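Right, one structure below, let's go through it.
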Amino acid sequence: MKYALFLKEKAIEAIINLYNIKPELDKIQIQSTRKDFKGDFTLVTFPLLKYSKKSAEQTADEIGNYLVDKIIDIQGFNVIKGFLNLELNETYWVNNFYEALCEERFGITKVEKDSKTVLVEYSSPNTNKPLHLGHIRNNLIGFSISRILEANGKKVIKTNIVNDRGIHISKSMLAWEKWGNGQTPDLAGIKGDLLVGKYYVKFDREYKKEINELIEKGQTKEEAEKNAPLILEAREMLRKWEAGDEKVIDLWKKMNNWVYEGFDITYDKLGVDFDKIYYESDTYKLGKSIILDGLKKKKLILKDDGSVWANLTDKGLDEKLLLRSDGTSVYMTQDIGTAYIRYKDFKFDEHIYVVGNEQDYHFKVLKIVLLELSYKWAHSIHHLSYGMVELPEGKMKSREGTVVDADDLIDEMIDTAKTISAELGKFEGYSDEEINETINTIALGALKYFLLKVDPKKNMTFNPKESIDFNGNTGPFIQYTYARIQSLKRKAEENKIVISNDKIENLEISEKEIQLIKTLNAFPNIVKEAAEILNPALVANYIYELVKEFNQFYHDFVILKEENENLKLFRLQISILSGKVIKESMYLLGINVPERM
RNA sequence: GGAUCCAUAGCUCAGCUGGAUAGAGCAACAGCCUUCUAAGCUGUAGGUCGAAGGUUCGAAUCCUUCUGGAUUCACCA
């Protein structure tokens, strides 16, 4: 925060003048004062005692007096156990408030022509099964981070890599061919991704049967897994695909298109989108050629069996396979190609991958390999590693049917929102369209806020039985506060009250109002920090704080019925800015706010 | 086994680069709607911050060890 820096300089000045010695920079600690104490900024004096050679209280007292004397914004100070709490005067905060009120988008930095370009990859689905709760977390984090970076003046390209080729797809294809009987999403009346996912599960079931049979016949588990007829057929299908076999390619295209149609519906429901989508089937060959080129330049190793490796032992890692002995590519191959083409396309200054923490090692290696291959831009690669969403019983497992399907979850949230709204007797005098829209906004608000308020890097638990709350620290609570403010605005208009941005003089402002103004004032810094540490939860926790304070204010004070006209206008101005900041914060999380609810 | 990460109230989570008495929500209990939206507000109760050492004026936060959990080390993606 700017003011803290200014105070730091002044504190240094104070020590030089008072004690005739220049302090080390890290000994000057300015922090915001804890809520339960009086004051705005706190200087911790313990580290300074070696300069003053006096007691903490006395040191704090002397520095406090010096600062009050020199800085007009400081009206006084108090000292508690060696903490020097500086109290800024009301004018300082009120001026700040009006500056913020007048800004078009308070706290948001505009994107300029020469802004840095940041690529954000998120979602990265496989096309053999529908999206689940884990993907939802991924998508929401990616989308929110994109907006947060944009709010910091970065040119953001939202991108996706679709893993549309490989053995997993072949499994679904093969199962459909064997047991599908020409089934299509239309005939079955279900989404395409769901249908394809069913055949993936079917494959797995039949494959397991074959494995067990082989084991009974005396093979080891490993042997059985390799020799089962189904897996051999799937491999053969993949080989044909790579060879460009027309029939296989046609089937592949058909089934992938079903999946894309399904994904689009889910993305649309979630409200996320992309600026540029890459497909593994387009990039894996490029990756292959880059690796062969690296081999020629002796940056990679060729083993006797024909496989290509990167030697990372001097980096404290192992050797990493980049091409199989049969020349086919692995996951890493594709990622190298994709990164390369992305740099060619966008010349990004930074590339953020939103990918689960189970791939920490993969991204460590990806970066090193690219650097080994002399791509300097690989320095700008950053893996935003997020934690798993776990169920109370533990990890979600698709084979055990414990996966929480994305569409199902969204639908359930909408049902819940409907039920709760009906119970509360909302929606009298609403049109059907407005009811649906509002319910949708609330349902998604609840879901998104629930997932985004947790620090991305931490694993989190989701309990499907206790459906997501609508009270307390939740999306709907925040949305409700926003709706209240909009209601105030409407009522003000009805009463022909014009709410200007003009400064109102001679006000008697209460503690609570000042407190609210201070919290609003913190918003720009939150936006900045959230981008620095790539953490939407910071924004979520901030709005909650703000909204709690606003609701207390709303409860304790009359606004429209205030008889003092100036005070009424001032309170409306506070409400307006609070509403703006709530909306803007929610926007950063990718959450909409309703005009009424 | 090597590496990385995690452990805070009954449950779900905050706790900024070490700082003042560790905070919210849910659940429980007790209050507040003739007044701008009660999806709200107020209060009560709930903790040896996984354990033990160490560094420091000062540790939930840093270091070491231990316990418990997760992930990863694949010619899987």
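Because the structure is a prediction, the values reported are computed rather than measured. Only heavy atoms go into these numbers, but all of them, side chains included; no hydrogens, no water, no symmetry mates. Below, read A as the first sequence line, B as the second, and so on, with proteins coming before strands; counting in each chain starts at 1.
Which of B/C57, B/A70, B/C41 sits closest to the side chain of A/Pro47 comes down to B/C57. In the set B/C76, B/C73, B/C36, B/C36 carries the atom at the smallest distance from any side-chain atom of A/Lys491. Ranking B/U37, B/C41, B/U21 by closeness to the A/Asp36 side chain, first place goes to B/U21. Nearest to the side-chain atoms of A/Lys548 among the listed nucleotides B/A39, B/A38, B/A24 stands B/A24. If you check B/A77, B/A14, B/C41 against the side chain of A/Gln552, the one that comes closest is B/C41. Closest to the side chain of A/Gln31, from the set B/G40, B/C36, B/G19, is B/G19. Of the listed nucleotides (B/A20, B/C41, B/A77), B/A77 has the atom at the smallest distance from the side chain of A/Gln359. Proximity note for A/Asn471 (side chain, C-beta onward) versus B/G19, B/A14, B/G40: the nearest is B/G40. Minimum atom distance to the side chain of A/Thr461 is reached by B/U12, of the listed B/U72, B/U12, B/A77. Considering only side-chain atoms of A/Lys81, the nucleotide from B/U21, B/U72, B/A77 that sits closest is B/U21.
Across all strands shown, A/Asp335 has no heavy atoms under 4.0 Å from either base or sugar-phosphate atoms. At a threshold of 4.0 angstrom between heavy atoms, the contacts of A/Tyr544 are confined to the sugar-phosphate backbone, with no base atom among them. If you check every strand for non-hydrogen atoms under 4.0 Å, A/Ser421 touches a base. Residue A/Asn463 is out of contact with every strand shown, counting any heavy-atom pair closer than 4.0 Å. Residue contacts for A/Val454: at a heavy-atom cut-off of 4.0 Å it reaches the sugar-phosphate backbone alone, with no base atom in range. Contact annotation for A/Met388: no contact, since no heavy-atom pair falls under 4.0 Å across all strands. The residue A/Phe470 sits close to a base: some heavy atom pair falls under 4.0 Å. Contacts of A/Phe46 with the nucleic acid, taken as non-hydrogen atoms under 4.0 Å apart, include base atoms. Nucleic acid contact for A/Gln29: base, since at least one base atom lies under 4.0 Å from a heavy atom of the residue. Within the 4.0 angstrom heavy-atom criterion, only backbone atoms of the sugar-phosphate kind lie near A/Val330; the bases stay farther away. Contact annotation for A/Ser307: base contact, defined as any heavy-atom pair under 4.0 Å involving a base atom. Residue contacts shown for A/Glu545 are absent, as no nucleic acid heavy atom lies under 4.0 Å away. A/Phe450 comes within 4.0 angstrom of nothing in the nucleic acid, heavy atoms only. Counting any heavy atom pair closer than 4.0 Å across all strands shown, A/Ile533 reaches no nucleic acid atom.
For B/C5, the paired nucleotide is B/G69, the pair qualifying as Watson-Crick or G-U wobble because both relevant distances are below 3.5 Å. Pair assignment for B/A14 gives none, since no Watson-Crick or G-U wobble pairing has each distance under 3.5 Å. Under the Watson-Crick or G-U wobble criterion, with both distances below 3.5 Å, B/U64 is paired with B/A52. Across all strands shown, B/G43 is found opposite B/C29 as a Watson-Crick or G-U wobble partner, with both distances under 3.5 Å.
Ring planes of A/Phe363 and A/Tyr353: tilted class, angle from 30 to 60°. Between A/Tyr207 and A/Phe203, the ring-plane angle classifies as tilted under the 30° and 60° cut-offs.
Stacking here means ring centres nearer than 5.5 Å and ring planes tilted less than 30 degrees, and by that measure A/Phe83 stacks onto B/A20. For A/Phe37 and B/A20, the ring-to-base geometry satisfies the stacking test (centroid distance below 5.5 Å, interplanar angle below 30°).
Counting to the nearest Å, the C1' atom of B/C76 and the CZ atom of A/Arg235 are 9 Å from each other.
Between A/Lys561 and A/Leu84, the one whose closest nucleotide on RNA chain B sits nearer the 5' end is A/Leu84. Place A/Leu424 and A/His168 on RNA chain B by their nearest nucleotides, and A/Leu424 ends up nearer the 5' end.
A salt bridge between A/Glu242 and A/Arg165 is present, with a side-chain N of the basic residue lying under 4.0 Å from a carboxylate O of the acidic one. Under 4.0 Å is where a charged nitrogen must lie from a carboxylate oxygen, and between A/Lys50 and A/Glu24 at least one such pair does. The existence of a salt bridge linking A/Glu390 and A/Lys395 is excluded, since no basic side-chain nitrogen approaches an acidic carboxylate oxygen closer than 4.0 Å. Ion pairing between A/Lys208 and A/Glu225 fails under the 4.0 Å rule for side-chain N and carboxylate O.
The base of B/U37 sits with one of its N or O atoms less than 3.5 Å from a complementary donor or acceptor on the side chain of A/Lys426. For B/A20, the base has a donor-acceptor partner in the side chain of A/Thr42 [N/O atoms by modelled type, under 3.5 angstrom]. Interface remark: the A/Asp360 side chain does not form any donor-acceptor pair with the B/A3 base, using a distance-only criterion of under 3.5 Å. With hydrogens and angles left out, the side chain of A/Lys395 and the base of B/A70 share no donor-acceptor pair within 3.5 Å.
Base orientation of B/C33: syn (glycosidic angle within 90° of 0).
The two residues A/Ile80 and A/Asn85 have their closest heavy-atom pair at CD1-ND2, 4.1 Å.
Taking the six-membered ring wherever Trp is involved, the centroid distance between the rings of A/Phe83 and A/Phe46 falls below 6.0 Å.
At least one side-chain nitrogen or oxygen of A/Tyr480 sits closer than 4.0 Å to the OP1 or OP2 atom of B/A39.
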